Structures are given as structure tokens and as C-alpha cells.
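Presented below is the structure to which this report refers.
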Amino acid sequence: MRRQRIAEILHSGQPGQSVTVLGWVRTRRDSKHGFSFVEVNDGSCLKNLQAIIDAQTPGYAERIRAVTTGASVRLEGELKESPGKGQRIELHVRAFDVLGPADPETYPLQKKRHSFEFLREIAHLRPRTNTFGAMTRVRNAVSFAIHEFFQERGFYYVHTPIITTSDCEGAGALFQVTTLDLEKLARTVTELDYRHDFFGKPAYLTVSGQLQAEIFACAVGACYTFGPTFRAENSNTTRHLAEFWMVEPEMPFYELNDNMDLAEEFIKYVIRRVQQRCADDLEFFNQRIDNTLSDTLANITENRFVRLSYTEAVEILQRSGRSFEFPVQWGNDLQSEHERFLTEEHFKAPVILYDYPRTIKPFYMRLNDDGKTVRAMDVLVPRVGEVIGGSQREERLDVLQQRMVECGLNVESYQWYLALRRYGTVPHSGFGLGLERFIQLITGMQNIRDCIPFPRTPKHADF
RNA sequence: UCCCCGGUAGCUCAAUCGGUAGAGCGGGCGGCUGUUAACCGCUAGGUUGUAGGUUCGAGUCCUACCCGGGGAGCCA
């Protein structure tokens, strides 16, 4: 008999149908002389399938005691309408096996709620919980929708390198990659000779695929990257990971407004897709994690994002009458409290800020005619903060070179990047979306470490 | 990295003024029931994060360290 997944059974299974189910036991309730209720989950959906194992079922006496929370089982039987509340149909078992028992004395997961802190310590078992099952499905749906969005629009999925030798854009601290025997060298030399390292010079894990994506955008058209990114910052917050996934579209012939349009459309598209495909999971997050979630998401998909310049934002903040811990002053980067005020109190909506002071943004952003601001844009959302950062890129060779010098970069090592402006330069734009922050937004989860299967943060790289 | 809070049973937590360790859940055993956070009874389970110190006496006070969480900075 073919195995059927529980999502399919609960959705379209009919009384009288024979099915085989393979999965993990969530709970068992016994009737001593009658039968046992066993709830099984196979990860295909949030809901469990309720199975009834009668005491007359072959092997019941010997094996039912091994049907405990966490055990893996094979259940064969017939679907019947359920007389009880809480489920449309249930499985009446004809035959069952315990594939792998789970000692209830030591199995860490209980039927009750666990703290997320505890679950992080058992990252190998937390996917078996409701929350992380839902997380896994939502993350999958988000990833798939991201590809759909760009593929439908003719963007190419480009694979940019994970290992890089360019200490690019000063976007955070880098993880170094080496095959040198550091322990041995520490005992024998005082200076490293990178000619003996694998790449013949220092190499690092990428902090962004943007510069390489620009190469392809200026060749084959709009493209996007979607891969892991690494930052060696010693950040200990609910919004930072040392290893995270980033989506970076890059579009030729796009100016900043086109870029903002795309970013807004993109966020709305992905959320709608997840709403369609993971309705149960989102409902779970709304009920158990953050009961403002449904409203937040509806607010995002149904309204236009507020757009205002950095300068206008500064004026609003200064006129707000609020006393912030950090004073608002033109030329300084906005603090978390300022962003939160704008998104959570003043507008109560996502906000796209653009035209930031040149001094607080990287070299590659296009300089405005005022000479003071650059064509940057950040998409800020309630609670999570910056979920997208992007810009129109500086396509003028001379201006770009000057900006690089200004930012203290070694112009020589960026010759390939400058060459894109030297030969057939075009206006172009792009942005980066932090996948886990986006998932935080969509699920309402408080901590980004619970939005990725195996979080990497300072002092944490287990599993 | 800085600031704040915390670390007591497998999990979540309580323990008054410094006076000799408790509950719920989970586990085991028994009972009961078309149950569904099941219910009822019994029961086992602890070097109170680590190392020092103060004290007749420390879970409680002091010092250092380790670990966890939240906030800030950096950023996506």
C-alpha cells in the first residue's frame, strides 16, 4: 500500500479509503480495556492525524507501550468519519509497527510547550515541534515564492561566489578562509606569507554577492542571487546571524524609483504566496506567537508603503516632540528607536526611506546632484526594522573612482568593478533582502535564531 | 563589545528577614474515560551554573569566572 502524507489525507481523504501513514507520534491517550488514540505527525502539515488502535489489533499488547511521544511508526488502516470533535476523519488501524522507539524517560520533547531557549539547545529535535515544523514549511514557501517572483519577471538566477578575495565594500567583518596550519605557524613564524595559502592571498567568506551580480546585470539583464552570506560581527541581538541567507536582485536600466517599486511588489508578492500556501501555519503563528500577525501582514499586502526621503524623516522625528535616547540630527544614521517610531507609531506601516547622506552609505551608491546625498533606499518594517537595503548604483566612472578614494578603498583591486563603468556603462539598481528577517516578519517570531534551522551566532556553531 | 536581568528536579517556575528544597507539567505504576493541553490516585527524581569568601548556618549576602536571555551598537 502506497504511503500517503497526512496533509493529503486530512485535505481530501474519504471514509472507506485504505491508507498507510508513516510518521512520528505526538501523543497517545489510552483506554485500558478499549483502545488507544494516537496522534501522528509527518511534517506535511501542522495538524496531526488521529489514529485509533483497538486492543484487538495484532501486536497491541506487546507494542502499544512503545508507541510514545517521539517514536516513529507505520500505521495501516481505514479512514472513517470521526465522531469526536476536532477532526473530520480519523484512521482506524488494522496493523501497526513501531519503527523506532523513543525512550520517554530521556526523550526531551514533551507534549507541552517548551521555551525557545531550550529548543535552541536541541536543534536536532526542534523541527519535530509545531512551531519549527511550521517554520520549515513557511521558510520553504518563502524561498520558492522568491524564485517564482523573479522567474516570472525574466530575472536570471545567478550564482555568485561564496569565497572572495576582495575585502568588499566594508560591509561588516569578514570570516577568513585559509588552509594554512595556524597552530603550527603560531609556533614557528611571526609573519604570515599568504603566497603559501590556498589562493595565494588572503581569502574570505562573502558578505554580499552584489558586486558580482552587477557584472551579470550589465551583461544579460536583470538577475538575482539567493544564497548564504557571512558576517563576522560580534552582534548579539534578536536580529543578527553570523550566517544568513540573502536575496540580491540587480537590474540594469532601473533607477531608484523602479528599484523601490520592485522591492515593494516583491515583499507583497511573497507574503501573498505564503498566505495562500501556508494558511494553517500562519494561523498557528498568529494564535500562538503573535496575535497581531494577521493584521500586520494584511496591512503590508494591502497598503502602499510610505515613501519619504531621509531628510523628511529627520524632520518628522525632530518635530515629533519625542525625546529619543539618541538625538536626531541630519547626517547621522537613524537609530533603532527612530526607525521604530516611524514604522510602529507615526505611520504604523512599512516605510521606504531614500536619499541618505553620502557619508553614512557605501561607495557604490549613486551620488545625487546635491552632492550631499546618495540614491539609497531602506525598507523598514514594524518590529523587525530594516528588511531591505538597496540603491541605485553609481554608473559614472569618474564619480565612482572619486567615491572609492574618499572611502579609503584600494582602487587597484576594484579594476574589474570599474571596468563595468568604463565599457558600456548603464544606470542600474538593486537591493538585498535578509531572508531570516523577512521570515521574522512573516511568522512574528521574536528571535532570528528561531528563523533558520541551524543558527550561527558568536560562540554558537553546534549542529 | 557595552548596559540590564537571570541560572533551583527532564521542562516551566516558587522558596518571606540568611534557618536545612517545593509546585505544575513530563516520567513510572495503578484506576477511569470516544479521547484530543484528557482526567483521578500513588511514586521516583536535587552537590541550587562553577570556584572561592562572609556566617553558628548560604538557593538567598560578597568576589571572580562560565552559560542563557533582553536592550544598544554594527547591519540584512
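All figures in this text were calculated on a predicted structure; none of them were measured in a lab. Side chains are part of it too, since the values below use all heavy atoms of this structure and drop only hydrogens, waters and symmetry mates. Chain A is the first sequence line, chain B the second, and so forth, proteins listed ahead of strands; every chain is numbered from 1.
Using a 4.0 Å heavy-atom distance criterion, A:R449 is classed as a sugar-phosphate-only contact. Residue-level contact check: A:T106 touches neither bases nor backbone, having no heavy atom under 4.0 Å from any strand.
Judged by distance alone, the side chains of A:H428 and A:Q392 never bring a donor and an acceptor atom under 3.5 Å apart.
Pairing for B:U1 is with B:A72, a Watson-Crick or G-U wobble pair whose two hydrogen-bonding atom distances lie under 3.5 Å. Under the Watson-Crick or G-U wobble criterion, with both distances below 3.5 Å, B:U36 is left unpaired in every strand shown. Across every strand in view, B:A51 sits in a pair with B:U63 that passes the Watson-Crick or G-U test at under 3.5 angstrom. Nucleotide B:G27: paired with B:U43 (Watson-Crick or G-U wobble, both distances less than 3.5 Å).
Closest approach to the A:R231 side chain among B:C67, B:A38, B:A76 is made by B:A76 (side chain taken as heavy atoms from C-beta onward). Residue A:K85 has its side chain nearest to B:U36 when only B:G69, B:U36, B:U35 are considered.
By the 5.5 angstrom centroid cut-off and the 30-degree plane limit, A:F35 is classified as not stacked against the base of B:G34.
Remark: aromatic rings of A:H147 and A:Y157 are close, center separation under 6.0 Å. Annotation: A:Y414 is in aromatic contact with A:F363 [ring centroid separation under 6.0 Å].
Separating the P atom of B:G22 from that of B:A9 is a span of 14 Å, rounded to the nearest Å.
The environment of A:Y107 atom OH is dense: over 12 non-hydrogen atoms of other residues, nucleotides or ligands sit within 6.0 angstrom.
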